[in-house]
There are 2 protein chains.
Amino acid sequence: MTRASSRRPGPPTRTERGIPEATVARLPVYLRALTALSDSGIATASSEDLATAAGVNSAKLRKDLSYLGSYGTRGVGYDVEYLRYQIAREIGVTQDWAVVIVGIGNLGHALANYSGFGTRGFRIVALLDADPNLVGERIGDMEVRDFAQLEEIVEADRVSIGVITTPAGPAQEVCDRLVAAGVTSILNFAPVVLSVPDGVDIRKVDLSIELQILAYHEQRKSGEAALPQVPELPAMNGMTDLPSVGGGVGA
Amino acid sequence: MTRASSRRPGPPTRTERGIPEATVARLPVYLRALTALSDSGIATASSEDLATAAGVNSAKLRKDLSYLGSYGTRGVGYDVEYLRYQIAREIGVTQDWAVVIVGIGNLGHALANYSGFGTRGFRIVALLDADPNLVGERIGDMEVRDFAQLEEIVEADRVSIGVITTPAGPAQEVCDRLVAAGVTSILNFAPVVLSVPDGVDIRKVDLSIELQILAYHEQRKSGEAALPQVPELPAMNGMTDLPSVGGGVGA
DNA sequence: AGGAGCTTGTGAACGTGAGAACAAAATCGG
DNA sequence: CCGATTTTGTTCTCACGTTCACAAGCTCCT
Ligand SMILES: NC(=O)c1ccc[n+]([C@@H]2O[C@H](COP(=O)([O-])OP(=O)(O)OC[C@H]3O[C@@H](n4cnc5c(N)ncnc54)[C@H](O)[C@@H]3O)[C@@H](O)[C@H]2O)c1
Ligand SMILES: NC(=O)c1ccc[n+]([C@@H]2O[C@H](COP(=O)([O-])OP(=O)(O)OC[C@H]3O[C@@H](n4cnc5c(N)ncnc54)[C@H](O)[C@@H]3O)[C@@H](O)[C@H]2O)c1
């Protein structure tokens with residue numbers, strides 16, 4: 001995340017409305033768990049119940065919730081509806097956020113067809129693509145529009161969140177356009193590191209990275225002593241007498 | 001991650017081949033950055049160059065790489081090809097891992113059409129779905145097969161990684177089937193917390209959660225003093241005289 | 001009313017991760 | 001061959017995150 005906060009080194013003054021990032025990342029999980037409990041007709045749940053439903057331990061859950069306030073009742077637990085509303089309010093999804101998706105290929109289509117965003121605080125207001133063959137295509141009740149219209153859409157619909165599902169190549173350029181148009185939060189699916197100015201938040205989703213993390217642990221399981229194929233050096237040349245190009249990466 | 005390791009509390013004996021989880025999660029990013037540098041024809045890069053390309057600071061990058069070994073040259077930097085190979089080996093993507101995708105709907109189709117997995121250490125060996133109308137459909141050079149064939153496919157192709165792109169409802173059931181069939185790593189896109197036995201790793205990708213995290217920060221930006229609409233209590237009823245259902249959440 | 005029984009909220013201990021800073025090693029020019 | 005320069009690998013410190021453990025507070029029963 002890109003988020004600088006002026007925190008003086010004094011005592012742990014948590015009162016300044018700063019919720020730890022790790023907690024913020026779990027609040028949506030709690031919200032989902034509460035919604036599920038609510039749908040099951042459960043009116044009250046203990047921290048133990050909630051923790052189980054959210055896949056964390058109860059001490060962590062209680063500490064997380066304590067940052068929001070004191071919304072439980074000792075000896076009883078949490079009122080599901082009430083807590084759900086409080087978390088939704090804290091996250092900021094009591095109203096809908098307008099979202100644009102840029103790059104309506106395989107992944108963009110999938111996202112456009114997904115019905116789950118509406119119920120979770122987001123409203124997709126535009127599907128944008130640079131390919132003239134795609135512009136005009138209908139997906140559900142929306143139509144793919146030209147990326148050139150970005151600026152007017154962002155302004156008209158007060159869009160603050162953009163999703164990038166273009167190939168890696170144009171992603172930075174698309175990102176810059178989004179930021180210039182006024183978008184201040186970006187969810188990036190392209191496998192590149194995007195750079196943005198201060199004040200703009202970026203999150204990435206990279207499936208290859210997720211799979212590679214799994215592969216690492218998988219290797220530890222099956223390997224560890226099973227596979228003797230541990231190639232140490234695939235010809236250690238190139239370390240001596242290098243042209244020493246170096247410093248070729250601009251920033 | 002589900003990963004228990006017997007770590008005695010003695011001195012920080014890092015020598016036992018334990019790479020910090022935070023580092024493991026960044027290795028794929030370094031790998032990608034190195035591949036990009038390599039494709040640009042750059043043969044050597046300093047930690048500063050690499051760090052910029054990977055979007056981290058150079059101290060962190062050097063510390064991360066130091067867990068793998070001493071693969072750089074002081075005063076020079078890192079040989080791009082050599083380091084790339086070492087990281088790929090550490091992650092375990094010098095050979096391909098067989099992957100099955102379960103649930104070939106919107107998202108499953110997008111993943112099936114994605115060409116990026118093959119170049120990153122993964123080979124999709126089967127697309128599975130329970131819907132008879134989908135079975136037999138061709139996607140690229142693959143054909144959707146019946147989920148009932150899971151066990152034989154896992155065994156025949158030595159599949160250790162499964163991807164779940166079914167709706168939330170059947171996800172736990174699908175997960176159980178995958179585990180029973182011998183899959184020990186799962187990437188889950190369904191918005192539910194899956195429970196798996198020890199020894200099985202789970203990672204999740206949840207777009208709604210990502211967007212909600214962005215929304216939280218977005219609210220802090222625009223709000224902070226701008227929006228005075230801070231509803232405190234939406235009728236605090238339901239906390240007194242509760243039927244006290246409690247404990248309704250199974251493990 | 002008072003005590004037993006639960007469950008929350010939180011202080012304190014512990015562990016992990018991030019970043020600054022620097023000594024150690026390598027190259028290069030003279 | 002030596003000293004200046006560069007950049008790694010590592011140490012140290014601080015910040016952050018997790019978990020334990022328990023007092024405080026609530027309900028219910030007698
Ligand atoms: N499809 C997947 O399952 C998958 C998996 C992992 C990562 N990704 C990543 O997600 C991204 C999208 O993948 P995809 O499979 O949908 O790709 P795709 O090629 O199917 O779609 C990309 C779309 O972006 C559009 N586009 C290109 N340049 C543009 C620009 N400058 N402005 C606006 N639109 C532009 C193209 O017209 C195209 O419609 C890629 O970066 C890919 O690496 C995809
Ligand atoms: N599409 C998106 O952009 C998106 C975004 C966020 C999250 N998700 C999540 O990803 C998952 C898939 O989304 P989708 O839009 O592709 O859904 P979808 O309904 O289009 O596809 C789901 C597929 O799973 C299959 N399926 C159902 N039960 C099955 C079973 N027991 N065994 C095997 N296959 C089964 C269905 O036949 C269907 O083809 C959902 O959980 C959704 O919440 C999707």
Side-chain angles (χ1 to χ4, degrees), chain A residues 1 3-15 18-26 44-52 54-79 82-83 86 239-247 249, chain B residues 1 3-5 7-15 18-26 44-52 54-79 82-83 239-247 249:
Chain A
M1 294 297 282
R3 201 99 280 271
S5 77
S6 55
R7 184 174 300 284
R8 61 197 177 291
T13 47
R14 175 64 70 196
T15 326
I19 296 181
E21 194 55 37
T23 296
V24 170
R26 282 187 295 267
T44 313
S46 69
S47 62
E48 198 63 44
D49 297 336
L50 275 179
T52 304
V56 301
N57 80 35
S58 62
K60 183 146 61 180
L61 178 129
R62 284 200 302 278
K63 174 145 288 192
D64 283 343
L65 294 186
S66 78
Y67 292 120
L68 313 194
S70 213
Y71 295 137
T73 308
R74 296 177 193 224
V76 177
Y78 301 89
D79 180 273
Y82 180 63
L83 182 58
Q86 292 300 338
M239 277 313 277
T240 46
D241 60 77
L242 286 167
S244 192
V245 177
V249 180
Chain B
M1 291 298 280
R3 200 99 280 273
S5 78
R7 182 176 302 284
R8 60 198 178 293
T13 48
R14 176 63 71 195
T15 326
I19 296 180
E21 193 56 35
T23 297
V24 170
R26 282 187 294 266
T44 311
S46 69
S47 62
E48 198 63 43
D49 297 336
L50 275 178
T52 303
V56 301
N57 80 32
S58 62
K60 183 147 60 180
L61 179 130
R62 285 200 302 277
K63 172 121 55 139
D64 283 342
L65 294 186
S66 77
Y67 292 121
L68 313 193
S70 213
Y71 295 135
T73 308
R74 295 175 193 227
V76 178
Y78 301 89
D79 180 273
Y82 180 63
L83 182 59
M239 278 312 276
T240 46
D241 60 76
L242 286 165
S244 192
V245 177
V249 180

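Below, chain A is the first sequence line, B the second, and so on; all start at residue 1. The figures that follow rest on heavy atoms only: side chains count, while hydrogens, waters and symmetry mates do not.
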> Let me spell it out: for each of A/R26 and B/S66, pick the nucleotide of DNA chain D with the closest heavy atom. Which residue's pick is nearer the 5' end?
B/S66

> I need the CG-C1' distance between B/L83 and D/dT8, as an integer number of Å.
12 Å

> Using a cut-off of less than 4.0 Å, is there contact between a side-chain N or O of A/S47 and OP1 or OP2 of C/dT8?
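Affirmative; the distance criterion is met.
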
> Nearest whole angstrom, please: distance from the C1' of D/dT19 to the CG of A/L61.
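For the pair A/L61 CG and D/dT19 C1', the rounded distance is 14 Å.
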
> Kindly say whether, by distance alone, the side chain of A/R74 makes a donor-acceptor pair under 3.5 Å with the base of C/dT7?
no

> Can a side chain N or O of B/Y78 be found less than 4.0 Å away from OP1 or OP2 on D/dG9?
yes

> Report the nucleotide, chosen from D/dT18, C/dG17, D/dC26, that has the shortest atom-to-atom distance to any side-chain atom of B/P20.
C/dG17

> For B/R62 and D/dT6, what is the distance between atoms CZ and C1' respectively, to the nearest whole Å?
12 Å

> Are A/T52 and A/D49 close enough that a side-chain donor and a side-chain acceptor fall under 3.5 Å?
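Note: A/T52 and A/D49 side chains miss the donor-acceptor criterion.
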
> Rounded to the Å, how far apart are A/L65 CG and C/dT8 P?
9 Å

> Just the rounded figure in Å: distance from P of C/dT16 to CG of B/D64.
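Rounding to the nearest Å, CG of B/D64 and P of C/dT16 are 16 Å apart.
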
> To the nearest Å, how far apart are B/K63 NZ and C/dG17 P?
10 Å

> Are B/S70 and D/dG9 close enough that a side-chain N or O sits under 4.0 Å from OP1 or OP2?
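For D/dG9, OP1 or OP2 has a side-chain N or O of B/S70 closer than 4.0 Å.
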
> Can you tell me the distance, in whole Å, between the CG atom of B/N57 and the P atom of C/dA20?
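The distance from CG of B/N57 to P of C/dA20 comes to 6 Å, rounded to the nearest Å.
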
> To the nearest 0.5 angstrom, please state how far the CZ atom of A/R62 sits from the OG atom of A/S46.
9.0 Å

> Using a 4.5 Å cut-off on heavy atoms from C-beta on, say whether the side chain of B/L50 contacts that of B/L83.
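With C-beta onward as the side chain, the pair touches.
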
> For the atom pair CZ (B/R26) and NZ (B/K63), what is the distance rounded to the nearest 0.5 Å?
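It is 10.0 Å, given to the nearest 0.5 Å.
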
> If you only use heavy atoms from C-beta on, which nucleotide in D/dT27, D/dG17, C/dT8 is closest to the side chain of A/V76?
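For the A/V76 side chain, the nearest candidate turns out to be D/dT27.
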
> Can you tell me how far the CG atom of B/N57 sits from the CD atom of B/E48, to the nearest 0.5 Å?
8.5 Å

> Could you state the NZ-P distance from A/K60 to D/dG17, rounded to the nearest angstrom?
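Atom NZ in A/K60 sits about 11 Å away from atom P in D/dG17.
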
